[in-house]
Protein chains: 2
Amino acid sequence: MTVGSHVARPEWWGGSDAFDIECPAREVLDHITGRWGVLLLTALEHGPLRFSELRAMIGGISEKMLSQTLRMLVRDGLVARTVEPTTPPRVSYELTALGRGLTDALRTFLNWVHRHSADVMAAQREHDRQ
Amino acid sequence: MTVGSHVARPEWWGGSDAFDIECPAREVLDHITGRWGVLLLTALEHGPLRFSELRAMIGGISEKMLSQTLRMLVRDGLVARTVEPTTPPRVSYELTALGRGLTDALRTFLNWVHRHSADVMAAQREHDRQ
DNA sequence: CAGCATCCAAAAGGATACTG
DNA sequence: CAGTATCCTTTTGGATGCTG
């Protein structure tokens with residue numbers, strides 16, 4: 001592990017340092033930028049959804065990953081889980097205030113991805129031509 | 001694969017649909033939000049860096065992953081690789097114009113992480129108390 | 001220095017079956 | 001419906017050794 005052998009680390013991350021593998025911000029970053037985090041958070045951006053709705057909405061996710069990621073986001077305080085005790089139980093997930101702040105902050109990034117993914121694909125093709 | 005069995009997907013992603021596992025935006029999103037993508041891009045935000053500088057700066061990354069992720073970002077047109085033919089060769093990496101646009105778009109998100117990771121950690125502790 | 005190749009360990013992820 | 005449990009496959013990642 002390279003934690004000890006640090007080069008002068010820049011200040012511009014903001015004091016706390018996500019480049020350090022020990023920094024809490026690094027764990028938070030990993031949770032959000034994991035394979036399903038952003039997708040789930042974005043799916044919930046416009047209101048609560050049920051387990052099965054999320055599964056149907058997010059292409060390629062398995063029940064295991066959906067449930068696992070949801071649990072993680074609930075633990076992180078980004079998503080709230082509500083059970084209505086009917087039979088069968090109706091469970092829905094929605095963003096917390098903290099989670100909503102996060103999706104707001106993600107907006108610009110997601111818009112970039114949407115607007116520039118074609119550029120990236122083009123760069124890939126150009127690169128592969130060589 | 002759940003691709004066929006889609007529930008009505010919302011329009012608010014922007015027309016193209018990263019919820020679809022087949023969408024190019026999804027691949028781009030995966031590249032950036034992979035384990036090292038954001039970290040590398042951020043490290044390069046304030047100027048070119050050499051291979052060994054990047055390795056030293058990013059805690060926990062192995063040579064293999066560094067080289068692999070860099071190659072991916074170069075292929076995506078987000079990072080440029082420059083070799084000065086000295087002996088030994090001096091190789092440096094820097095953001096392209098496209099990559100710079102991306103790090104700009106990531107800024108708000110990264111700031112959020114920095115400002116709120118303590119809140120997330122607190123939520124975790126509170127959750128674990130139960 | 002900047003890396004690629006190889007091998008191996010660990011973690012993530014998927015399919016399926018089952019439960020309250 | 002909303003999951004959990006289990007098993008198995010795939011992917012990821014690290015350590016090491018080698019090259020121009």
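Here the structure is a predicted model, which is why all the values come from computation and not from measurement.
Summary for the helix from dC1(C)-dG20(D) to dG20(C)-dC1(D): the axes at its two ends, each from 5 pairs, differ by 50° when rounded to the nearest 10 degrees.
Look at CG on L49(B): it is 16 Å from P on dC1(C), rounded to the nearest Å. Distance I58(A) CD1 to dG14(C) C1': 16 Å, rounded to the nearest Å. When the P atom of dG13(D) is taken as reference, atom CG of L66(B) falls 12 Å away, rounded to whole Å.
For R115(B), the side chain to side chain donor-acceptor pair (under 3.5 Å) test picks out no residue, with sequence neighbours left out. Residues satisfying the ring-ring contact (aromatic ring centres under 6.0 Å, His included) test with H116(B), not counting sequence neighbours, are W112(B).
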Using atom types as modelled, flag every donor-acceptor pair under 3.5 Å from a side chain in residues 59-71 of chain A to any protein atom, sequence neighbours excluded.
| from | atom 1 | to | atom 2 | distance (Å) |
| --- | --- | --- | --- | --- |
| S62(A) | OG | M65(A) | N | 3.2 |
| E63(A) | OE2 | R55(A) | NH1 | 2.5 |
| T69(A) | OG1 | M65(A) | O | 2.7 |

Considering only distance and modelled atom types, tabulate donor-acceptor pairs under 3.5 Å from the side chains of residues 94-105 of chain A, sequence neighbours left out.
| from | atom 1 | to | atom 2 | distance (Å) |
| --- | --- | --- | --- | --- |
| T96(A) | OG1 | G77(A) | O | 2.7 |
| T96(A) | OG1 | L78(A) | O | 3.2 |
| T96(A) | OG1 | L98(A) | N | 3.4 |
| T96(A) | OG1 | G99(A) | N | 3.0 |
| T103(A) | OG1 | R100(A) | O | 3.0 |

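Of all heavy-atom pairs spanning A25(A) and V113(B), the tightest one is O-CG1, 3.8 Å.
Each salt bridge (charged side-chain N to carboxylate O under 4.0 Å, His left out) pair with one or both residues in residues 120-130 of chain B, not counting sequence neighbours, appears once here: R75(A)-D128(B), E126(B)-R129(B).
Remark: R50(A) is in phosphate contact with dA2(D), judged by side-chain N or O atoms under 4.0 Å from OP1 or OP2.
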> Can you list the steps and then say if L49(B) with Y93(B) is a side-chain contact (heavy atoms from CB on, under 4.5 Å)?
Replying inline: CA-CA 5 Å; L49(B) 289 172; Y93(B) 296 88; 5.9 Å; no

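Ring geometry for F109(B) versus F109(A): interplanar angle under 30°, hence parallel rather than tilted (30 to 60°).
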> Reading nucleotides 3-13 of chain C from the 5' end, what letters show protein touch, with B for base, S for backbone sugar-phosphate only, - for no heavy atom under 4.0 Å?
Replying inline: BB--B-----B

